[in-house]
Amino acid sequence: MVGELDKIFDSFSQKNLFKNKAVLQSQYTPENIPHREKQIEQVATILAPALRGERPSNLFIYGQTGTGKTLSALYVKDEMLKRARRENVPLKIEYINCKYKKVSDTEYRILAEIIKKLGGSVPATGLPTGQVYNKFLELVESEKQLVIIILDEIDQAVNKISDNFLYNLTRLNSELSKSQIGVIGITNDLKFLESLDPRVRSSLSEEEILFPTYNALQLQDILKSRAAESFKENALEDGVISKCAAYAARTHGDARRALALLMVSGDIAERMGCDRVKIEHVDMANEKIDKDKITSFVESAPRQFQLVLLSIIDLIEKGQGNIFTGDIYNIYSDLCLKSKIEVLTQRRVSDIIAEFDMAGVINARVISKGRHGRTREIKLTIPDQEIKKIKSILIETLNI
DNA sequence: AGGTATTCACATGAAACTATTCTCTGAGTTAGG
DNA sequence: TAACTCAGAGAATAGTTTCATGTGAATACCTGT
């Protein structure tokens, strides 16, 4: 049955360029990680004592997005666990991503997450944090073992919680007798360390490793090795890979982006019925990625955000050159009144605008107009042809 | 003319408040022995 | 009597409001020439 269906699907898309698309997705862990041998080696060296049952130094990894930090860390983690199992070393390494909301972005949730991974359980909420700490300690102490915790995107956790959490975590060892804890922090915020409390800094970053950005050539290598597995033979025209690499290198050498670019290019080529991926497909893919990011953000944004954005678009369409916070707020509050949605304070709207800026939907710059005060000057980053489409999405979802 | 002081229109921060979500607890209820 | 249900208590979060303070430069206001 399944085989028959497959045949149908196969004949449907004759121009199947992919061999295994998953290889290009970001969750995929490749066999070898090009141009990170040195970093991986360093990580391994630092963590190696764990295999002898000694507590390794706390480690701090930093580097821009898409430089292979997480990948390398996970790779070392897997290798070490394999080894530990073989040699019967009581070692646990747990990976926590502090960024994904709903999963863990507060002290409580992170702890709960760790506990869950260690095999315990706590209610998702409702317990005093101190009790969760105890539970965690109990769990670690329940047998003699070494626990290494990898905290990815650790900066997210800290600016949400305060660095007390890290301080506690690094100090826990003094309360443990049988077991020990090691912490690996990963961040892409290069200034993160400076902003930490000195006490935390010194204990957390006993060792530091910087993951440099990839240059275009290195990106090409990465793309080539993945393309070989993901695309069918001869599916890529010459120059496609270097074009992807070049685009990604322009945005601080982000490998993740390079891979996404390659994948979307392949999708586009496939859909257009081409039997090879051409260079122009990469250009289209590049635009599409930007566009999709904005569209999905806009679609999933809360109502109030959408209203604010709609106000901005209104102002743009009225042809005003410069748009300021005050103007937006006026239009916005009118809009709210008309559609009977409660009006938020200017303070809040100001924050919403700032968030749009962060998301890259708009480009806001704080300027001073002298006697006429200080405000944000706002430009939309959505290309003109897209504005209408976004506007209709907004109107539709807002149901105005 | 050149120098200071004001002043605007918000930005930016911190604290406090609100609604909501989730668990746990224990009283009251039910069903079976 | 054990199991079950369900309202209420407590804890925590997200999203906001309230209050407070900060700020860059165009303009108003001096000052001495």
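None of the values given here were measured: they were computed from a predicted structure. Throughout, a chain's letter reflects where its sequence line sits, starting with A, and its residues are numbered from 1.
- Annotation: cation-pi geometry satisfied between A:R36 and A:Y214 (NZ/CZ under 6.0 angstrom from ring centroid, within 45° of ring axis).
- Atoms CD1 (A:I353) and P (B:dA11) sit 7 Å apart, rounded to a whole Å.
- Within the nucleic acid shown, A:V349 has no heavy atom closer than 4.0 Å to any nucleic acid atom.
- Going from atom CZ of A:R365 over to atom P of C:dG24 covers 14 Å, rounded to whole Å.
- Residue A:T325 has its side chain nearest to B:dC10 when only B:dC10, C:dT16, C:dT27 are considered.
- Side-chain contact, A:T67 with A:H252: no donor N or O sits under 3.5 Å from an acceptor N or O.
- No more than 12 heavy atoms of other residues, nucleotides or ligands lie within 6.0 Å of CD in A:E233, so this atom counts as exposed by the packing criterion.
- In this model, no side-chain donor or acceptor of A:R348 finds a partner on the base of C:dT16 within 3.5 Å.
- The distance between atom CG of A:D351 and atom P of C:dT17, rounded to the nearest whole Å, is 11 Å.
- Contact between the side-chain N/O atoms of A:R371 and the OP1/OP2 oxygens of B:dT7 is not found at any separation under 4.0 Å.
- Between A:I352 atom CD1 and B:dA11 atom C1' there is a gap of 15 Å when expressed in whole angstrom units.
- Across all strands shown, A:L344 has heavy atoms under 4.0 Å from sugar-phosphate atoms exclusively, and none from any base.
- Judged purely by atom type and a 3.5 angstrom limit, A:K391 has no side-chain atom pairing as donor or acceptor with the backbone of A:D314.
- Separating the NE2 atom of A:H372 from the P atom of C:dA28 is a distance of 9 Å, rounded to the nearest angstrom.
- Between the CZ atom of A:R376 and the P atom of C:dG22 there is a distance of 19 Å, rounded to whole Å.
- Phosphate proximity of C:dT23 to A:S368: absent, as no side-chain N or O sits under 4.0 Å from OP1 or OP2.
- Of all nucleotides listed (B:dT12, C:dG15, C:dT23), B:dT12 comes nearest to the side chain of A:R347.
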Steps toward salt bridge (charged side-chain N to carboxylate O under 4.0 Å, His left out) verdict (A:R52, A:E54): CA-CA 6 Å; A:R52 293 198 306 268; A:E54 295 165 28; 3.4 Å; yes
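- Protein atom CD1 of A:I378 is 16 Å distant from nucleotide atom P of B:dA9, rounded to whole Å.
- Per the geometry, NZ belonging to A:K369 stands 14 Å off C1' belonging to C:dT27, to the nearest Å.
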